[in-house]
Structure formats: C-alpha cells, structure tokens
Amino acid sequence: MNVKTLHDTALGMVAKGRGILAADESTATIGKRFDAIKVENTEDNRRAYRDMMFTAPGMEQYTSGVIFYEETLFQKSADGTPFPKLLAGKGVIPGIKVDKGARALAGAPGETITEGLDGLRERLTKYKEAGARFAKWRAVITIGEAGIGKDIPSDYCIEANAHALARYAALCQEQDIVPIVEPEVLMDADNTIEVCEDVTAVTLQTVFDELYRQRVVLEGMILKPNMVISGKKCRVQADRKSVAVATLRTLKRYVPASVPGIAFLSGGQSDEDATAHLDEMNKLGGGPWALSFSYGRALQAAAQKAWSGRKENVGAGQRAYLHRAKMNGLAATGQWEQKLEKAA
Ligand code: 13P
C-alpha cells in the first residue's frame, strides 16, 4: 500500500470547486431512467448517453472524477478512445462501482446487505489495469415506517454492512485504489429529521469503528454519506438551513478529521435542494474535510430529459449536464446563489 498515492488521489477527488459524477447505474437501474425518457436500454444507447456527458466541453472544470459501471469502464467514446483514457486525458479521475448490489439480509425482513466481496481482489486488479484509480461500494440502511418498521434499522444490519464496507475498503487500499465508503441511510420513509440524525450517527460510528479494526487508512479514503434530512413521506419537512446544520453537526461528531473529503450522494432530493444543502454547509464554514458532491440523479436528471435519446439533442444534454455540474461546483465552495438557476 502506498499511502501517498492514496492520499493524493483522494485529494484530487475532492479538489476545490469540483465533484464526482456517479454514472455507475447498473444496467437495470439505467433501464428505469431510460424508461422515463422512452429510450431503449441497449448497450449502445448506454454508451452514447454516457459519451455525451464525458465529452461535454469543459466538463472537467467541475468534474473531478467519474464512477463507472463495469460495462462503461471497457467501452469507448465515438472516436474510439477508451472512456478511462478520455477522462484521464482531461484530468478527470476514473473510478468504478465494485459492489454487486443490495440483497435481502437473512433473518432481517425489510433490510439488506450489500454483496460482492468474493473475488473482489482479482476484480480490482483487472479494474486497475483498465485505468480505475478509485472504487465505490454502497451499503443501504433503511429507516422503517412508523408502526410495522419500528425495529428497522437493526444493529445487525448496520454492523453487517459496516463490516463489508471495511473489508472492501481494505482490499482497495491494498492495490492503491481509493475506496469511496458509502453508507446510505435512505430518505424514503415517514421519519423526522431527528430520526435520520440518530440513524446516521450510529451508522457512521459503526462504520468508522470497523474501518479502524480492519486497518483502513483514513487519509486514503473518501466518505460518501447521505445528508441528515426529513424522510420524503414525513409531514414536516426540515428547511434547508436545518438540514445543513444537522448534517454538519453529525459529521463533525463521527467523521475523523483525517478523512480528506466527504462527497455526498443526492439520494432522491430535488436537483436544487441537493445543490442548496451542499452550498449552505460550505457557507456555514464546512469542517476539517472538503465537502463536495458525488451525485447520480441530481447531476443527470436534467441531462437525461434534454437528451431523450436523440442525436440532435446531444448539445442540449451536454448544456444541461454542465449547468448542474457548475451549480454544484459553486456549492462545493459555498458560492452558489438561487438566482444563478434562473439565469440558466
Ligand atoms: P444519487 O446521487 O442518485 O443518490 O446516486 C449516488 C450514488 O452513487 C448512489 O450509490
């Protein structure tokens, strides 16, 4: 393990005013996004869609890295350049999602465990050869609905997922690949922001405990957490300032200062909320780590709609991507303003 290489890559992933594009939807998930814009889920449509974002002029100004799905790591741009080479040539760091998805956790109805550890060492070797310098593993922690789901999340689920995250992270670092450690507490239920804060707290505490036990070097990783936010079905929705204050408070309590950066997931927030929350946290002064973004939906939804699978819309799709990337790049330094959205 080369700690300097890991640390330098991690710093590059959260470089000032830039963030990570999570373009690592599995074939099934991108299929759902394509259904919404009536595009057939073929390998070439997936390639063409991602090519559009990767070749958007100036995307590197706001994009520090891209997370690929395995298929994309081995695909090429329209001019024949392999995607990892294309991005690396622009100073954008290629990365790869290496988990195999969340499956039912035995003995814990309604909860999941992320799979994909078997054979991971060999897969990482192959991905590294193809140009990947960082990886991602997403653990999913569900908050149960009031009543029937009151015992969810269980300690068992949080511990099992934290253990897997740490095993993955240690294997990545062994090969100088920076692990993005992503424990996502979902925001889909009817819970208050206070419940989200409690669950996020115990999740982060458990994850960092496992990272410590499994000898993961914190200087060589990036944390990708949820924000502390009201459940989507909660009657009372906390305002933007409250989300920023609660998220910062929780991160400061449980994330060691040696972690170089925190790159949030968007988790189903609206595009503008995801931007505004990040901006507010940075306006409040941030923390000892860089606070940036690693959004999937909140970076791509507008671009997908503008593109809609048509060649003649590639320019419009690229402009939509660049706009959201720029807004989030500004938010990563606390310089976003609502009026910039209207100006677009
Ligand atoms: P969202 O920003 O759409 O939550 O996706 C980020 C991600 O990579 C989830 O694993």
Side-chain angles (χ1 to χ4, degrees), residues 13-14 19-34 36-37 49-50 53 62-73 93-103 112-116 132 134-143 161 164-165 168-169 172 178-189 196 200 203 207 221-229 231-232 243 247 261-278 281 291-305 320-321 324-325 327-329 331-332:
M13 291 161 68
V14 290
I20 301 164
L21 165 62
D24 60 334
E25 301 83 359
S26 66
T27 302
T29 301
I30 198 74
K32 286 188 218 155
R33 310 277 183 263
F34 279 6
I37 53 169
Y49 166 62
R50 285 157 174 156
M53 291 185 290
Y62 317 110
T63 315
S64 58
V66 172
I67 316 174
F68 295 130
Y69 184 59
E70 186 180 39
E71 173 185 274
T72 320
L73 184 71
I93 308 171
I96 170 118
K97 183 236 296 290
V98 301
D99 69 68
K100 294 202 173 242
R103 304 285 158 81
T112 62
I113 178 75
T114 300
E115 296 187 344
F134 70 90
K136 179 193 112 168
W137 178 289
R138 172 176 177 255
V140 182
I141 307 298
T142 305
I143 298 183
N161 274 291
L165 271 170
Y168 138 82
C172 287
V178 171
I180 294 184
V181 173
E182 179 179 1
E184 174 174 7
V185 176
L186 296 178
M187 55 175 279
D188 303 329
C196 181
T200 303
T203 299
V207 166
M221 63 162 275
I222 296 292
L223 178 71
K224 176 163 173 169
N226 53 287
M227 294 184 194
V228 173
I229 197 167
K232 266 197 173 156
V243 169
T247 304
I262 294 177
F264 291 100
L265 59 94
S266 60
Q269 302 177 50
S270 74
D271 295 358
E272 275 190 37
D273 277 351
T275 304
H277 288 146
L278 175 62
M281 282 184 245
L291 280 179
S292 182
F293 57 94
S294 174
Y295 295 158
R297 284 163 284 182
L299 266 175
Q300 297 182 65
Q304 282 161 4
K305 220 166 143 199
Y321 173 72
R324 284 264 50 89
M327 294 300 101
N328 288 307

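If you're wondering where the values come from, they're calculated on a predicted model, not measured in any experiment. For this chain, numbers begin at 1 and follow the sequence in order. Just follow the structure's listing: the first ligand is 1, and inside any ligand the first atom is 1.
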Taking all atoms of both residues into account, what is the closest heavy-atom pair of [X] and [Y], and its distance?
X: Ala139; Y: Thr114; value: CA-OG1, 3.4 Å
X: Phe34; Y: Tyr49; value: CZ-CB, 3.8 Å
X: Trp137; Y: Val98; value: CE3-CG2, 4.2 Å
X: Tyr62; Y: Ala325; value: CB-O, 3.5 Å
X: Ala22; Y: Ser294; value: CB-O, 3.9 Å
X: Leu299; Y: Ile20; value: CD1-O, 3.8 Å

Would Glu25 and Arg50 pass as an ion pair if we require N to O under 4.0 Å?
yes

Identify the protein heavy atom lying closest to atom 5 (O) of ligand 1, giving its residue, its atom name and the separation to 0.1 Å.
Gly296 N, 3.5 Å

Taking only heavy atoms of [X], which atoms of ligand 1 are found under 4.0 Å from at least one of them?
X: Lys136; value: 7 (C), 8 (O), 9 (C), 10 (O)
X: Ser266; value: 1 (P), 2 (O), 3 (O), 4 (O)
X: Gly267; value: 1 (P), 2 (O), 4 (O)
X: Ala22; value: 8 (O)
X: Tyr295; value: 2 (O)
X: Ser294; value: 6 (C)

Just to check, does Gln300 reach to within less than 4.0 Å of ligand 1 when the distance is taken from its heavy atoms?
no

The salt bridge (Lys or Arg N to Asp or Glu O under 4.0 Å) partner of Glu115 among Arg103, Arg138, Lys100 is Arg103

Nearest-option assignment for atom 8 (O) of ligand 1, heavy atoms, candidates Gln269, Arg297, Lys224
Lys224

So, regarding Ala298 and ligand 1 (criterion: nitrogen or oxygen to nitrogen or oxygen, under 3.5 Å), is there a contact or not?
no

Does Glu182, backbone or side chain, put an N or O under 3.5 Å from an N or O of ligand 1?
yes

